[in-house]
2 protein chains.
Amino acid sequence: MRQVTIYDIAKEAEVSISTVSRVLNDTAPVKGSTRAKIEELIQKYNFQPNAMARSLLKQETGIIGVIVPDLTNPFFPEVFAGAEHEAQQSGHTFLLSNSIGDYAKESEYLSIMREKRVDGIMFLGGRINLRHCEEHLVQELVQCASVIPTVLVNGGLRNTDLIRVATDESAGTALAVRHLIELGHTEIGFIGGESNMTTTSIKLRAFRKAMKDAELEVREEWMLPDSFSIDSGKRQMLNLLAMKERPTAVFCVNDYTAIGVIKAGVEAGLSIPDDMSVVGFDDIPLAHHFIPELTTVSQQAHELGRTAVKVLKAMMSNEKVKKLTSLEPQLVVRQSSGAPMR
Amino acid sequence: MRQVTIYDIAKEAEVSISTVSRVLNDTAPVKGSTRAKIEELIQKYNFQPNAMARSLLKQETGIIGVIVPDLTNPFFPEVFAGAEHEAQQSGHTFLLSNSIGDYAKESEYLSIMREKRVDGIMFLGGRINLRHCEEHLVQELVQCASVIPTVLVNGGLRNTDLIRVATDESAGTALAVRHLIELGHTEIGFIGGESNMTTTSIKLRAFRKAMKDAELEVREEWMLPDSFSIDSGKRQMLNLLAMKERPTAVFCVNDYTAIGVIKAGVEAGLSIPDDMSVVGFDDIPLAHHFIPELTTVSQQAHELGRTAVKVLKAMMSNEKVKKLTSLEPQLVVRQSSGAPMR
DNA sequence: GCAATAGGTGAAATGCATTACATACCAAGT
DNA sequence: ACTTGGTATGTAATGCATTTCACCTATTGC
């Protein structure tokens with residue numbers, strides 16, 4: 001059934017559409033009796049003005065497009081919740097797309113968002129690094145950013161000047177590694193993360209630097225990037241377990257891989273943290289419910305989402321925004337990193 | 001900066017907008033040279049037709065509105081992923097809203113979706129039961145359903161005939177309880193779930209029936225609905241632990257509460273499943289990574305999402321759909337329910 | 001008593017793409 | 001030579017709400 005339009009209301013109230021519009025938006029005085037009649041009809045037909053017609057004219061949709069790599073990883077819903085929280089006040093809603101790390105999909109979604117004239121774009125996950133196959137995505141992203149306020153959340157992009165909001169993952173990594181070192185560990189591994197992702201490369205670099213700063217050797221066979229899933233943690237832990245020598249502690253790129261590592265360790269008969277210390281990254285809600293509780297680096301996911309939307313809103317109202325808004329991560333010490341080594 | 005429109009392209013190509021439109025949609029033959037020139041300009045300006053203008057005319061937006069109670073609970077992202085999977089082919093995208101169980105928000109979002117003229121609505125979580133405060137939400141939902149294809153996912157609503165897609169949670173509960181009984185348990189508790197939610201009442205009823213069928217007594221002090229969070233599981237487990245007599249097994253309304261129960265148990269020095277058997281519901285991805293691995297009832301979340309969108313698409317093309325599409329849950333026996341009692 | 005102002009309302013332009021209808025051209029068929 | 005039909009393209013209507021401009025009526029001030 002066709003929905004009721006402003007014309008239907010106007011006709012039945014025997015006024016022009018302008019008058020109905022005035023009642024709707026309260027933009028000009030309307031006679032009490034006329035207003036009453038119109039309001040009654042609006043009520044009666046449960047009339048909702050067509051947002052598209054309005055958007056077409058106003059040149060704004062009230063929609064923010066969000067692209068996340070994997071909503072199934074609890075980190076992202078947290079960010080999203082933060083974003084939603086901030087968007088609440090301004091009445092923005094979200095067009096959400098899950099790219100599951102598929103470059104083609106990501107640029108396709110981006111183009112759909114441009115088509116739909118979203119008011120802003122939030123691109124999460126930063127699975128970007130200039131490699132040939134991603135050329136197109138990068139191009140599309142830059143294209144989008146030139147017409148639509150766009151922020152990159154936790155993901156940089158070399159040779160472009162897109163606005164970014166990000167946790168200082170480098171500092172976070174240093175925090176985690178230093179914590180392990182302070183506990184007495186000298187043999188530390190690195191697990192998880194697709195190597196072509198910004199976040200992975202940042203963490204890898206920071207890891208190496210922290211080790212170097214402590215004058216510790218980085219053992220290349222213990223550097224095991226993979227992906228961000230629980231299974232990748234398991235897989236790499238199994239690899240580690242098969243080695244003659246293994247580290248006494250591992251740094252994991254996120255909590256999901258940390259959970260995988262612990263799980264595989266426990267299945268192999270290890271006790272975590274007694275036989276191996278594990279730290280994660282993100283502080284997903286589950287981190288402090290897992291057994292053992294995860295020592296991890298909190299990204300303040302909620303805040304990250306909020307900030308991203310704040311920046312987006314500032315851009316929408318043509319305010320100047322910083323090229324990079326950085327959030328400080330925090331080390332959350334719990335059980336999985338264990339006690340100081342004797 | 002204003003985006004390029006079809007008029008801009010037409011002007012520069014020295015043709016009418018219809019011709020440009022024809023090139024865009026390939027709806028009629030266009031002379032090779034003209035087409036080439038237009039295509040070149042489209043490329044040059046990276047022109048994307050305005051989806052709103054098109055939607056306004058076509059009376060469809062290509063958007064499906066989704067309302068989930070809590071994206072932070074891993075069950076929902078799974079459902080969403082399934083929905084997205086199915087929507088891929090038809091090119092639908094999602095307007096997603098997180099209601100966090102707030103009735104006011106839910107009906108507000110519903111009204112926004114109506115305003116935005118989404119092509120379909122997927123309402124998850126079924127936090128509905130006719131109580132006074134929810135009157136408005138119910139009304140809004142029925143209102144929506146009368147103009148927009150709408151499906152309720154895992155949530156019924158008395159006295160209405162909204163289309164539903166749901167796991168047979170009743171059968172699932174029976175599966176879980178019977179499993180515990182078969183293991184030799186006779187003293188079984190029930191934990192979690194807000195009592196005004198459809199899913200909770202279904203599970204409560206099914207639980208009682210399963211107990212009765214086995215001629216077991218339901219101990220009212222062990223019936224502990226609360227909410228769906230990990231913390232509610234913890235909280236109720238603590239209540240249980242404070243009792244003089246406690247059950248040897250508990251059925252939890254979802255995996256999150258089960259995790260809370262186990263966690264609180266372990267913290268209190270119990271060993272799960274040796275000291276108490278625990279079964280959950282949903283089979284979230286983490287269920288088989290948790291320590292101990294969760295025995296749970298799989299809802300086939302992904303399939304649920306897919307099915308919901310399938311039904312929605314059928315409704316959009318005016319096909320007749322069943323009032324209720326039911327999915328069979330499956331018991332997944334893992335560690336947390338333990339071995340048969342001696 | 002007349003201008004100025006405020007209240008109340010309608011007509012028409014606007015935003016942008018799609019599409020039915022109209023028109024123009026050219027080649028083939030009778 | 002004239003109809004027929006395909007190809008190629010333009011004009012105008014359409015979808016729906018907002019907003020500017022114009023206009024009318026009734027008051028208020030001087």
Side-chain angles (χ1 to χ4, degrees), chain A residues 1-39 41-42 45-63 111-112 114-119 147-148, chain B residues 1-39 41-42 45-63 111-112 114-119 147-148:
Chain A
M1 315 113 253
R2 199 177 118 279
Q3 297 220 28
V4 175
T5 73
I6 199 170
Y7 288 90
D8 301 320
I9 303 286
K11 192 194 258 181
E12 192 160 339
E14 296 175 304
V15 294
S16 74
I17 55 165
S18 343
T19 304
V20 178
S21 176
R22 282 190 266 265
V23 170
L24 240 31
N25 303 289
D26 206 26
T27 49
V30 173
K31 194 164 71 170
S33 62
T34 314
R35 156 166 261 128
K37 196 196 291 177
I38 292 173
E39 275 170 350
L41 288 168
I42 289 175
Y45 291 112
N46 217 292
F47 168 66
Q48 289 276 58
N50 185 322
M52 275 170 312
R54 173 186 279 149
S55 299
L56 194 55
L57 202 60
K58 290 274 197 75
Q59 301 276 48
E60 61 178 50
T61 52
I63 299 177
S111 119
I112 289 178
R114 206 144 59 86
E115 213 179 291
K116 298 226 192 290
R117 301 295 191 267
V118 296
D119 293 341
V147 280
I148 300 173
Chain B
M1 321 107 256
R2 200 176 117 279
Q3 297 220 28
V4 175
T5 73
I6 198 171
Y7 287 91
D8 301 319
I9 303 288
K11 193 194 257 180
E12 191 160 339
E14 296 173 302
V15 295
S16 75
I17 55 166
S18 352
T19 304
V20 179
S21 176
R22 283 190 264 265
V23 171
L24 242 29
N25 303 289
D26 206 26
T27 49
V30 173
K31 193 162 70 172
S33 62
T34 315
R35 155 166 262 126
K37 196 196 292 176
I38 292 173
E39 274 170 351
L41 289 168
I42 289 175
Y45 291 112
N46 215 292
F47 168 66
Q48 288 277 58
N50 185 323
M52 275 171 310
R54 173 187 278 147
S55 298
L56 194 55
L57 202 61
K58 289 275 195 76
Q59 301 277 47
E60 62 178 49
T61 53
I63 299 177
S111 120
I112 289 178
R114 206 143 59 84
E115 214 179 292
K116 298 228 192 289
R117 302 294 192 266
V118 297
D119 293 342
V147 281
I148 301 173

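Chain identifiers are assigned alphabetically (A, B, ...) following the order of the sequence lines, protein sequences preceding nucleic acid strands; residue numbering begins at 1 within each chain. For clarity, every value in this text was computed on a predicted model and none was experimentally measured.
Atom CG of A:Asp26 and atom P of C:dG7 are 13 Å apart (whole Å). Whole-Å rounding puts the A:Arg35 CZ to C:dT9 P distance at 10 Å. Atom-to-atom, NZ of A:Lys11 to P of C:dG10 comes out at 15 Å; the value is rounded to the nearest Å. Taking atom NZ on B:Lys31 and atom C1' on D:dG10, their separation rounds to 14 Å, with Å as the unit.
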Per-nucleotide protein contact string for nucleotides 11-20 of chain D, where B marks a base within reach and S marks sugar-phosphate only (heavy atoms under 4.0 Å, - for neither)
B--BBBBBB-
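Between A:Thr19 and C:dG10 there is a side-chain N or O to OP1 or OP2 distance below 4.0 Å.
A:Leu24 CG to A:Ser18 OG: the interatomic distance, rounded to the nearest 0.5 Å, is 12.0 Å. The CD1 atom of A:Ile9 sits 12.5 Å away from the NZ atom of A:Lys37 when rounded to the nearest 0.5 Å. Within the model, atoms CZ of B:Arg117 and CD of A:Gln3 stand 4.0 Å from one another, a figure rounded to the nearest 0.5 Å. Taken to the nearest 0.5 Å, the OG atom of A:Ser16 stands 6.0 Å off from the CZ atom of A:Arg22. We find the CD1-CG distance between B:Ile63 and B:Asp119 to be 7.5 Å, quoted to the nearest 0.5 Å. Distance CZ/B:Arg114 to NZ/B:Lys116: 13.5 Å, rounded to 0.5 Å.
Using a 4.0 Å heavy-atom cutoff across all strands shown, A:Thr34 reaches sugar-phosphate atoms only and no base atom.
A heavy-atom distance below 4.5 Å is found between the side chains of B:Thr5 and B:Asp8. A 4.5 Å side-chain heavy-atom check between A:Lys31 and A:Val15 finds every atom pair outside the cut-off.
Recorded end-axis angle for the helix from C:dG1-D:dC30 to C:dT30-D:dA1 stands at 50°, based on five pairs per end and rounded to 10 degrees.
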